[in-house]
Amino acid sequence: MRYASKMLKDSSCGELRAAHAGSTVRLAGWVHRRRDHGGLVFIDLRDAGGIVQLVFSPDELAPAVMEQAHRLRPEWVVAVEGAVRERSPETVNPNMDTGEVEVFPATCDVLNTSPTPPFFINEPSEVDEHLRLRYRYLDLRRPDVAEMIRLRHRVVRYIRDFLSERDFLEVETPTLIKSTPEGARDFLVPSRLQPGHFFALPQSPQILKELLMVAGFERYFQIARCYRDEDFRANRVAEHSQLDLEMSFVDEEDVMKLVEELYTGIAREFGKGEILRAPFPRLDYYDAMERYGIDRPDLRFGLEFVDISEAVRGTEFKVFAGALESGGQVKAIRVPGQAEMGRRDLDELTEIAKQGGAKGLAWIGVMANELRSPIAKFLSDGEVDAIKSATGAETGDLLLVVADAPSVVAASLHHVRDELGDRLGLKDPSVLSFAWVTGFPLLEWRPEENRWDASHNPFSSYRPEDEPLLETDPGSVLARQYDLTLNGSEIGGGSVRINTREAQEKVLGLMGYTREQMDERFGVLLEALEYGAPPMAGVGAGIERLLMGLTGTDNIRDVIAFPKTSAGSDPLMGAPTPVDPAQLAELGLDLTPKTRAALESAAESQ
RNA sequence: GGCCCCGUGGUGUAGAGGCCUAACACGCCACCCUGUCAAGGUGGAGAUCGGCGGUUCGAAUCCGCUCGGGGUCGCCA
């Protein structure tokens, strides 16, 4: 680390090594830990660069300085000047990067003090997440927490360098844009200059980046903040950053090749794990749904689904027969060696299956001479043999079976498979399993709204050979869409875009938009497509989810410096808050009586 | 909006109707201590158990509501 000459420090704590022995350094940082022996005082001094041990010795120091040393407490800010000395062999600490040396301060200035922090900064410990967020500035002092934020910087810098070297132009797009009531709920920002009118925060810069392609930049990227006013999950927050990227005169292969090269590079440079397969495997959407019940399967382990509908067709067992009669299916997961799984575990797996909509989870333990299963008595020998041969089940294996409509079977068995991956320790944290998923349908039917909707985004193009199907069978049209997944998480997605007004209007028309609605919501894009819009394709890829994969955390807040809670509040700054009525008046806004009453009763109960 | 889980000194936990005048570890404070690095030793302070209401002779413990947090379904083009 380099420091300006006037600074209180000329070295970083973490950089000192045996080679520095004999030199005099000025250090400044936080008291990480103290070990006061009454005579000798050891202080671990921490700064952004690491930790080094200071030794205050009464043999060498004036009593006033020793007194100062005894007073030091954790998280006090101090500046010292002293000699770096090599430690004697028996006192070397191999657990510290700087363990070969120690610094003997001649002076010690207390720059600031600190109360006892609300949680341990100097040792890793589980702390209530709300408390951590409330004191995030202290939480971020913890070296392991800080490391996530440092890694984030390095990854983003890698992305910027990689793309800049390949002639991509970084362009910032507005954060106050037009609201389009499509997809996720918008965050709205009222306009003071035009009361009653609202901006929206962008869910992604999708339309703007297409306009940049029409503008002729050919290669654009941005680390773009995206906002969606929806409920959160372990890997979903209100505002997230995405690598937004768009290219002209390319097709899906060009974009996938570029992204794959970028992500391979990032994984090799920063990932804790090995890339499972490179080049990244490609899965067909329908195939993935058949085998894993999800369009982003975790490929670190097998446990694929087997369709045993034919094996049990005509069965007496009412649950299976009923599902098949109503057009459903019966699918199984074969779990090797788990035939004797405990009843409690099986019950818990059943509950998990129910979360996916299944009414239950049938289980069959294949024992040497019999079946261990509550449904064994309903199955004929022939059916059992057929199930065994379809699944390849051998003695000692467990079969978990769901019978229902295909969408329910997929969702339920996916949950079961995912849980098995956790419980059986099949999700190797040292493996990064990237995969592309392609072959998505362009449209999906929304029965409750009686219309087609874009399965990804309304600007995705479709396979040219499917064009006639738009008229006859829109549901079977395949999109030129590609998703990137990592260890069971969708970390990016993109498509070849529609680049003619005619095609865009046709697709929007299928989605139920009238000409007026199209013009009102997408008029600018439609117009721009008329003016020589080039062929274009791109991706949006979540930065947080990538970092989660690289670090192995399952909490998205770990990779965000100042995250919000899952309820969308900010315990640090205390946002959101009510605002002064005068502010609302200026914006032409008023609260509903119901909202106002709720605010008042909340204020009273304070 | 539905469902599940959590909320006890500064932190992390124990506690399952009376044994709780709330325990343990770490931290904190004081004293002792010259080579530790999770320093050690001795002593001490510190929580009415998220909040409100109820059941009960009696509630940290049971019930209801509520607040906050975590997860999940819906939602997230």
Side-chain angles (χ1 to χ4, degrees), chain A residues 32-45 51-61 66 70 73-74 87-88 90-96 98-99 102 115-135 138 180-186 203-204 206-207 226-238 240 348 351-352 354-357 411-412 415 418-419 440 442-444 446 448 452-460 479 481 490 493 495 507-508 511 521 540 542 554-555 557 564-569 571 601-602 605-606:
Chain A
H32 188 67
R33 209 179 263 285
R34 68 191 195 98
R35 289 176 295 282
D36 186 338
H37 287 218
L40 275 178
V41 179
F42 298 97
I43 298 289
D44 290 339
L45 190 68
I51 296 174
V52 71
Q53 173 166 280
L54 308 181
V55 184
F56 292 86
S57 167
D59 300 339
E60 309 189 25
L61 289 176
M66 282 312 296
H70 289 300
R73 289 295 180 273
R87 297 195 190 190
S88 63
E90 70 277 11
T91 60
V92 165
N93 184 345
N95 301 319
M96 289 177 81
T98 60
E102 51 199 6
T116 303
F119 47 79
F120 297 110
I121 290 164
N122 55 16
E123 62 185 69
S125 56
E126 287 294 309
V127 181
D128 176 68
E129 203 176 342
H130 187 255
L131 190 69
R132 290 176 53 193
L133 296 184
R134 166 70 184 78
Y135 293 97
L138 296 179
T180 55
E182 256 302 298
R185 198 177 291 114
D186 282 329
Q203 297 180 22
S204 81
Q206 183 65 39
I207 290 178
C226 303
Y227 305 87
R228 291 169 195 182
D229 189 6
E230 298 290 350
D231 290 357
F232 312 136
R233 287 290 184 284
N235 65 356
R236 234 166 60 192
V237 281
H240 74 277
E348 284 168 358
E351 284 309 305
I352 284 156
K354 285 179 179 173
Q355 277 181 15
S412 300
H415 281 125
D418 190 56
E419 182 70 18
F440 290 90
L442 182 71
L443 300 163
E444 53 191 38
R446 300 259 164 149
E448 64 281 11
W452 293 99
D453 196 6
S455 74
H456 270 85
N457 85 42
F459 317 117
S460 291
Q481 161 82 28
E490 182 192 331
S495 65
V507 170
L508 290 172
M511 291 168 51
R521 294 182 188 178
D554 56 6
N555 182 348
R557 292 176 294 277
K564 293 183 176 50
T565 67
S566 77
S569 66
S601 79
S605 68
Q606 282 286 310

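What's counted below: heavy atoms across the whole structure, side chains too, no hydrogens, waters or symmetry copies. Computed from a predicted model, the values in this text were never measured in an experiment. Chain naming here is simple, since letters A, B, ... match the order of the sequence lines and numbering starts at 1 in each.
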>> Go through it in stages, so that I can follow the logic: the residues are A:K354 and A:E351, the test is salt bridge (charged side-chain N to carboxylate O under 4.0 Å, His left out), and I'd like the CA-CA distance, side-chain angles, deciding distance and then a yes or no.
In response: CA-CA 5 Å; A:K354 285 179 179 173; A:E351 284 309 305; 3.6 Å; yes

>> Distance check, rounded to the nearest 0.5 Å: A:D128 atom CG versus A:F119 atom CZ?
In response: 10.0 Å

> Considering residues at least two apart in sequence or located in another chain, which fulfil the side-chain hydrogen bond (donor to acceptor under 3.5 Å, both in side chains) criterion with A:R446?
Replying inline: A:D453

> Counting side-chain heavy atoms from CB outward, which of B:A30, B:C76, B:U36 is closest to A:F42?
Replying inline: B:U36

> Got a sec, which residues hit side chain to side chain contact (heavy atoms under 4.5 Å, CB included) with A:S412, two or more places apart in sequence or on another chain?
Replying inline: A:A353, A:A358, A:V402, A:V408

> So which nucleotide does B:G74 pair with, by the Watson-Crick or G-U wobble rule with both distances under 3.5 Å?
Replying inline: none

> Considering only the C1' atoms, how many Å lie between B:G10 and B:C28, rounded to the nearest integer?
Replying inline: 8 Å

>> Could you tell me how far B:C76 sits from B:C65 if I compare only their C1' atoms? Round to whole Å.
In response: 31 Å

> Looking across every strand, which nucleic acid part, if any, lies under 4.0 Å from A:P115 by heavy atom: base, sugar-phosphate, or nothing?
Replying inline: nothing

> On RNA chain B, nearest-nucleotide positions of A:V55 versus A:Q203: which is more 5'?
Replying inline: A:V55

> A:T91: what forms a side-chain hydrogen bond (donor to acceptor under 3.5 Å, both in side chains) with it, not counting sequence neighbours?
Replying inline: A:S88

>> List the residues meeting side-chain hydrogen bond (donor to acceptor under 3.5 Å, both in side chains) with A:H37, not counting sequence neighbours, and say none if there are none.
In response: none

> Expressed in whole Å, how much space separates the P atoms belonging to B:G58 and B:G54?
Replying inline: 12 Å

>> Give me the distance, rounded to whole Å, that separates B:G46 from B:C37 when you measure between the P atoms they each carry.
In response: 31 Å

> Is the distance from OP1 or OP2 of B:C73 to the nearest side-chain N or O of A:H415 less than 4.0 Å?
Replying inline: yes

> Across all strands shown, which nucleotide pairs with B:A23 by Watson-Crick or G-U wobble geometry, both distances under 3.5 Å?
Replying inline: B:U13

>> Run the side chain to side chain contact (heavy atoms under 4.5 Å, CB included) test against A:E230 and tell me which residues pass, sequence neighbours left out.
In response: A:A184, A:R185

>> When the C1' atoms of B:C67 and B:C75 are compared, how many Å lie between them, rounded to an integer?
In response: 24 Å

> Nearest of B:G70, B:U72, B:C76 to any side-chain atom of A:R557?
Replying inline: B:G70

>> For a quick check of understanding: with a heavy-atom distance under 4.0 Å over all strands, which category does A:E351 fall into, base, sugar-phosphate or nothing?
In response: nothing

> Rounding to the closest angstrom, what is the interatomic distance between B:G69 and B:A45 at atom P?
Replying inline: 36 Å

Under 3.5 Å, N/O pairs linking protein and nucleotides 66-68 of chain B:
none

> Hey, does the side-chain of A:E90 have a donor or acceptor N/O within less than 3.5 Å of a partner on the base of B:G35?
Replying inline: no

>> What is the separation between atom CG on A:D229 and atom P on B:C76, rounded to the nearest whole Å?
In response: 12 Å

> In whole Å, what is the span from the CG atom of A:N122 to the P atom of B:C28?
Replying inline: 8 Å

> Between atom CG in A:L40 and atom P in B:G35, what is the gap in whole Å?
Replying inline: 6 Å

> Under 4.0 angstrom, heavy atoms only, what part of the nucleic acid is A:D453 near: base, sugar-phosphate, or nothing?
Replying inline: sugar-phosphate

> Which pair of non-hydrogen atoms, one from A:G356 and one from A:A411, has the smallest distance, and what is that distance?
Replying inline: O-CB, 3.6 Å

>> Whether the side chain of A:R73 and the base of B:C29 hold a donor-acceptor pair under 3.5 Å is what I'd like checked.
In response: no

> Expressed in whole Å, how much space separates the C1' atoms belonging to B:G18 and B:U13?
Replying inline: 24 Å

>> As an exercise, state the distance from CE of A:M96 to OG1 of A:T98, rounded to the nearest 0.5 Å.
In response: 3.5 Å

List every contact pair, protein side and nucleotides 39-43 of chain B side both N or O, where the distance is under 3.5 Å.
{"residue": "B:A39", "atom": "OP1", "partner": "A:R33", "partner atom": "NH1", "Å": "3.3"}
{"residue": "B:A39", "atom": "OP2", "partner": "A:R33", "partner atom": "NE", "Å": "3.4"}
{"residue": "B:A39", "atom": "OP2", "partner": "A:R35", "partner atom": "NH1", "Å": "3.3"}
{"residue": "B:A39", "atom": "N6", "partner": "A:D36", "partner atom": "O", "Å": "2.9"}

> Heavy-atom distance under 4.5 Å between the side chains of A:Y227 and A:Q203, does that happen here?
Replying inline: no

Between the protein and nucleotides 1-3 of chain B, list the N/O to N/O atom pairs that are separated by less than 3.5 angstrom.
{"residue": "B:G1", "atom": "O6", "partner": "A:D231", "partner atom": "OD2", "Å": "3.2"}

> Taking the same atom, P, in B:G41 and in B:U36, what whole-Å distance lies between them?
Replying inline: 14 Å

> A:Q355 has a side chain; which of B:U72, B:C37, B:U34 sits nearest to it?
Replying inline: B:U72

> A:R35 and A:D44: salt bridge (charged side-chain N to carboxylate O under 4.0 Å, His left out), yes or no, with the steps?
Replying inline: CA-CA 8 Å; A:R35 289 176 295 282; A:D44 290 339; 2.9 Å; yes

> Taking protein heavy atoms under 4.0 Å as touching, what does nucleotides 45-50 of chain B look like 5' to 3' if B marks base contact, S marks sugar-phosphate-only contact and - marks none?
Replying inline: ------

>> Among residues at least two apart in sequence or on other chains, which ones pass salt bridge (charged side-chain N to carboxylate O under 4.0 Å, His left out) with A:E490?
In response: none

> Across the strands shown, which category fits A:M96 at heavy-atom distances under 4.0 angstrom: base, sugar-phosphate, nothing?
Replying inline: base

> NA contact type, A:S88, heavy-atom cut-off 4.0 Å: base, sugar-phosphate, or nothing?
Replying inline: nothing

> Within this structure, what is the CZ-to-C1' distance between A:R132 and B:G70, rounded to whole angstrom?
Replying inline: 13 Å

> A:F232 has an atom CZ; how far is it from atom C1' of B:G74, in whole Å?
Replying inline: 15 Å

Distances for protein N or O near nucleotides 5-12 of chain B N or O, under 3.5 Å:
{"residue": "B:G10", "atom": "O2'", "partner": "A:P118", "partner atom": "O", "Å": "2.9"}
{"residue": "B:G12", "atom": "OP1", "partner": "A:D128", "partner atom": "N", "Å": "2.8"}

>> Counting the atoms with a prime plus P, OP1 and OP2 as sugar-phosphate, which does A:H70 contact under 4.0 Å by heavy atoms, base, sugar-phosphate, or nothing?
In response: nothing

> Below 3.5 Å, does any donor atom in the side chain of A:D59 face an acceptor in the base of B:U34, or the other way round?
Replying inline: yes

> For A:N235 and A:Q53, take the nucleotide of RNA chain B holding the closest heavy atom to each; which residue's nucleotide lies nearer the 5' end?
Replying inline: A:Q53

> Could you state the NZ-P distance from A:K564 to B:G70, rounded to the nearest angstrom?
Replying inline: 13 Å

> Between A:E129 and A:N555, does a side chain to side chain donor-acceptor pair (under 3.5 Å) hold up when you go through it step by step?
Replying inline: CA-CA 11 Å; A:E129 203 176 342; A:N555 182 348; 3.1 Å; yes

> Sequence neighbours excluded, which residues qualify as salt bridge (charged side-chain N to carboxylate O under 4.0 Å, His left out) partners of A:R228?
Replying inline: none

